[in-house]
A.B. asks: 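Supplied in structure tokens, the structure appears directly below.
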Amino acid sequence: MEQAPPDLERQWQPATLEPLGHTDAGLQAAVGEEAEGSRDEVPGDGTEHALGLGVLMTENNFGLKKIEISVSEAEKRTGRNAMNMQETYTAYLIETRSVEHTDGQSVLTDSLWRRYSEFELLRNYLLVYYPHIVVPPLPEKRAEFVWHKLSADNMDPDFVERRRIGLENFLLRVASHPILCRDKIFYLFLTQEGNWKETVNETGFQLKADSRLKALNATFRVKNPDKRFTELKHYSDELQSVISHLLRVRARVADRLYGVYKVHGNYGRVFSEWSAIEKEMGDGLQSAGHHMDVYASSIDDILEDEEHYADQLKEYLFYAEALRAVCRKHELMQYDLEMAAQDLASKKQQCEELATGTVRTFSLKGMTTKLFGQETPEQREARIKVLEEQINEGEQQLKSKNLEGREFVKNAWADIERFKEQKNHDLKEALISYAVMQISMCKKGIQVWTNAKECFSKM
Amino acid sequence: MSGGPPKGLPSTGPHSLLDMPHPLAGSSSEEAVGGDSTPSPDLLMARSFGDKDLILPNGGTPAGTSSPASSSSLLNRLQLDDDIDGETRDLFVTVDDPKKHVCTMETYITYRITTKSTRVEFDLPEYSVRRRYQDFDWLRNKLEESQPTHLIPPLPEKFVVKGVVDRFSEEFVETRRKALDKFLKRITDHPVLSFNEHFNVFLTAKDLNAYKRQGMALLSRVGESVKHVTGGYKLRSRPLEFAAIGDYLDTFALKLGTIDRIAQRIIKEEIEYLVELREYGPVYSTWSALEGELAEPLEGVSACIGNCSTALEELTDDMTEDFLPVLREYILYSDSMKSVLKKRDQVQAEYEAKLEAVALRKEDRPKVPADVEKCQDRMECFNADLKADMERWQSNKRQDFRQLLMGMADRNIQYYEKCLMAWESIIPLLQEKPEAKLAPIWGNEETTWCLFTTTVIGGQPGSQPRYFHEDFFLLHPIAKHNIFSVRTSHFLIFFFF
């Protein structure tokens, strides 16, 4: 995909303010043979992501090195929040290792602690500066779609563990994205513990963020958005709806399955009690009861594994939102463009009317002229001149907006295609692993009941 | 007093199984058993018993003529019971062919009872009658009356809550039929009960109601006297073995009750699980409609979950129909056994009381008076009968429960196997890589090459088989021998050219 001229400023210095909509479509290949070589390995298929590797620029040279990122630990901490109140939060240890090409050994290069809110900050920054990219989502802030045995408590160790994995996944997705991986703020997130927040805020990205209201307005009023984006928006809405539904029902299914298995545990106890009054039947009953206990307790591991599947679905549930964000941006830009074109057209018309003296449409000027008399030729000249300047400017702006718009569409669609491939691949893998889980569960069930049957046969 | 040799003609009597032609041999019942060659008019009449035997109030007609049960199923049932070590069997009873009768007063079900026997007590070698639950109930009461020292098998529950259970549903009727069949078979197996007069009449009479009305109580001496035992005697000391039996039955009934509750609970949970599954599967279908490449995998998962749901439904149905009723039967069984034990206690108490009364009397007779002796007899007979029955019951119980629990395990295994098959069959579908699907171009014998490009994979169970493509070689058109493989979901094909 073609890329905009390299914008190294974003990457290597505290970012300077840039007009919104300037799509920083990423750098061209950085200098260096190493870079060329590694660039081929920049993944679009997620394989590197799966391996926990990412590609990053180092500060010293422009070479791309392979690194490993892991969120290895989670720790409960207490501190003071913005309102100077005591609060408990969880901090996550992020370790970065660079992989030496020669021997494949990894060396720990950085390690620091971050909390969830800092991840959120990073993501919000990425959303603003890469509006054409489907930005990977964060794991859920609060536990949702829980079935009754799962805790909805954010401090629950299982939840924290799953969140740790989710955060690691997020970092790996960013690091394996061909464009996002080169972002300096991201790099600093991994390497600069102190002061990172200030650095991010200094970029002033919050100011650049599109207002929700503006976006909503654009969505309703845009006349000619690219059809593909409209379709994509519908798709992401429906995807979100269907995955939510799926997760809700799955949670209920898990609940019920849990109940079925656990009740079988009662057999264990009663068979044992019954065997006490039996002579020949006793042994068989007793050992069968033991198998019932095994059966009942096997469900805990089974459902824990299934949570992993649910998490994979959740990621794509949240990805739907990221897709929508890109569509929204397009609608906003398109609306902007349409408004600018409309504005230009009206100005041109005004100019024409002034020049020819005909009033074709209703205008305030026309009214006042009628009421208060015509203006002087000098006045008119002056106005025409102003208008002509504005028209010129307008045409320039329209041209650049058009260009921006087309660039955006092109780049965004390229990333969307990349995303589609990734999604199809990941979800297929998820379905396969789900099927494998079910197969394993069935095999365990057959095993247990076969054992029990054998015990019964010896009764 | 447990069943002596049946009185009868010396030439007839129980034949060894080997001598006797198989009860099912040939549909011609003209063949008399035991050497009689001329078919008697009675024999011929027996054939048409099926309908005429039905005495229906208000002249109601049976729902249809009954046809003889299929040989194989009857044979199976017979073989199942044929477990007594080497014992010769001369009585076979089966319950089948339930039919609904709709009359103005009521609607009810009758079952066909088929009896085949070589015993003297039976005039004919084969009988076929129709009976309804009422008749079974009557039989059981009569047996209890006439054989109070024996354990009478239980009947399935009499009353069903009309609103909750459909008395005429196929499942209910079938469950009941099985229980009634078991009831008669247990009596048939019993060396004493099977010779009971009432039982005989039940199996053979054309008009059972007339017999019932006659109120012919052919009670044995023992039976009559036991019936008249009044309560109110206090038992001194229960012999250890009967105390043990009592305790055992108490605990046994308790445990069975718990198992019944657990089984019911499991079924309830499974049904609720099923409800959720039935909503879960279709969501994948809905999702599939949104997708392109993922459409087939998602649809596959949806179908798979559907199959698992069906398998689960079968499991719960089976458990409800086959497992729970048998449990309940045993609970009823142990209840009725407890009351027999109580009666035994009464008999013993009466004897002890009478004995004591004699001892207290000043008359020092060297010999114990006759009625006390009779009491002692009664008690000892009762004890002996009960002991024998208990042993038989224990051995049957062991077998029954072994079968029942193995059946439960079996059904669960089958459920998981069905699910396993479903999930395993979609793995290839999920792993399928989407590639251009082109039809293969086959060469004939003369050509030496074949361009193979199809890469369609997997397939839903039951649908058209598709090919699973792993490695494929684009074949050099010149090479004489080209080998490539196509693996279908079941076998490997090698093509040699």
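These figures come from a predicted structure and were not determined experimentally. We name chains A, B, ... by the order of the sequence lines, and we start the count at 1 in each one.
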A.B. asks: Taking the six-membered ring where the residue is Trp, are the ring centres of Trp423(B) and Tyr434(A) under 6.0 Å apart?
C.D. replies: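 Judged by ring-centre distance (under 6.0 Å), Trp423(B) and Tyr434(A) do meet the cut-off.
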A.B. asks: Thinking salt bridges, do Asp293(A) and Arg269(A) make one under a 4.0 Å N-O criterion?
C.D. replies: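 No salt bridge links Asp293(A) with Arg269(A).
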A.B. asks: Would you mind checking which part of His234(A) comes under 4.5 Å of any heavy atom in chain B, side chain (CB onward), backbone (N, CA, C, O), both or neither?
C.D. replies: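 For His234(A), there is no contact with chain B at all, as no heavy atom is under 4.5 Å.
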A.B. asks: When you check the side-chain N and O atoms of Tyr319(A) and Gln422(A), is any donor under 3.5 Å from an acceptor?
C.D. replies: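 Gln422(A) and Tyr319(A) do have a side-chain donor-acceptor pair below 3.5 Å.
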A.B. asks: In terms of heavy-atom proximity below 4.5 Å to chain A, should Ile427(B) be classed as side chain, backbone, both, or neither?
C.D. replies: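 Just its side chain gets close to chain A.
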A.B. asks: Determine the option with the most heavy-atom pairs under 4.5 angstrom with chain A, choosing from Leu404(B), Asp247(B), Asp410(B).
C.D. replies: Asp410(B)
A.B. asks: Trp287(B) vs Tyr284(B) aromatic rings, parallel, tilted or perpendicular, using cut-offs 30° and 60°?
C.D. replies: parallel
A.B. asks: Please flag which part of Phe252(B) lies under 4.5 Å from any non-hydrogen atom of chain A: side chain, backbone, both or neither.
C.D. replies: both
A.B. asks: If you tally heavy-atom pairs under 4.5 Å against chain B, which of Val436(A), Asn451(A), Asn266(A) wins?
C.D. replies: Asn266(A)
A.B. asks: Ignoring hydrogens and geometry beyond distance, is a side-chain donor-acceptor pair present between Gln431(B) and Glu429(A) at under 3.5 Å?
C.D. replies: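 Side-chain D/A pair, Gln431(B) to Glu429(A): absent.
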A.B. asks: Who among Ile259(B), Val275(B), Thr258(B) has the most heavy-atom pairs with chain A under 4.5 Å?
C.D. replies: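 Of the options given, most contacts go to Ile259(B).
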A.B. asks: Examine the side chains of Asn396(B) and Arg186(B) and answer whether a donor and an acceptor come within less than 3.5 Å of each other.
C.D. replies: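 Absent: no donor and acceptor within the cut-off.
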A.B. asks: What part of Leu239(A) lies closer than 4.5 angstrom to a heavy atom of chain B: side chain, backbone, both or neither?
C.D. replies: both
A.B. asks: Most heavy-atom pairs under 4.5 angstrom with chain A, which of Glu279(B), Gln414(B), Lys418(B)?
C.D. replies: Glu279(B)
A.B. asks: Indicate whether the side chain of Glu315(A) and that of Asn169(A) have a donor and an acceptor atom separated by less than 3.5 Å.
C.D. replies: yes
A.B. asks: Looking only at heavy atoms and a cut-off of under 4.5 Å, which of Leu257(A), Val260(A), Leu246(A) has the most pairs with chain B?
C.D. replies: Leu246(A)
A.B. asks: With under 30° as parallel and over 60° as perpendicular, where do the rings of Tyr416(B) and Tyr295(A) fit, or are they tilted in between?
C.D. replies: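 Correct class here is perpendicular.
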A.B. asks: Does Arg411(B) pair with Asp322(B) as a salt bridge, N-O distance under 4.0 Å?
C.D. replies: yes
A.B. asks: Against chain B, work out which of Glu273(A), Glu278(A), Glu238(A) has the most heavy-atom pairs shorter than 4.5 Å and name it.
C.D. replies: Glu278(A)
A.B. asks: Give the member of Lys397(B), Glu291(B), Lys255(B), Arg398(B) that has the highest number of heavy-atom pairs under 4.5 Å with chain A.
C.D. replies: Arg398(B)
A.B. asks: Relative to chain A, which of Leu256(B), Ile413(B), Leu254(B) shows the most heavy atom pairs under 4.5 Å?
C.D. replies: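 Most pairs with chain A among the choices: Ile413(B).
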A.B. asks: So which of Leu285(A), Val448(A), Thr450(A), Val270(A) has the biggest tally of heavy-atom pairs under 4.5 Å with chain B?
C.D. replies: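 Max contact count across the listed options: Val270(A).
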A.B. asks: Flag the one option from Gln447(A), Lys443(A), Glu280(A) with the top tally of heavy-atom pairs under 4.5 Å to chain B.
C.D. replies: Glu280(A)
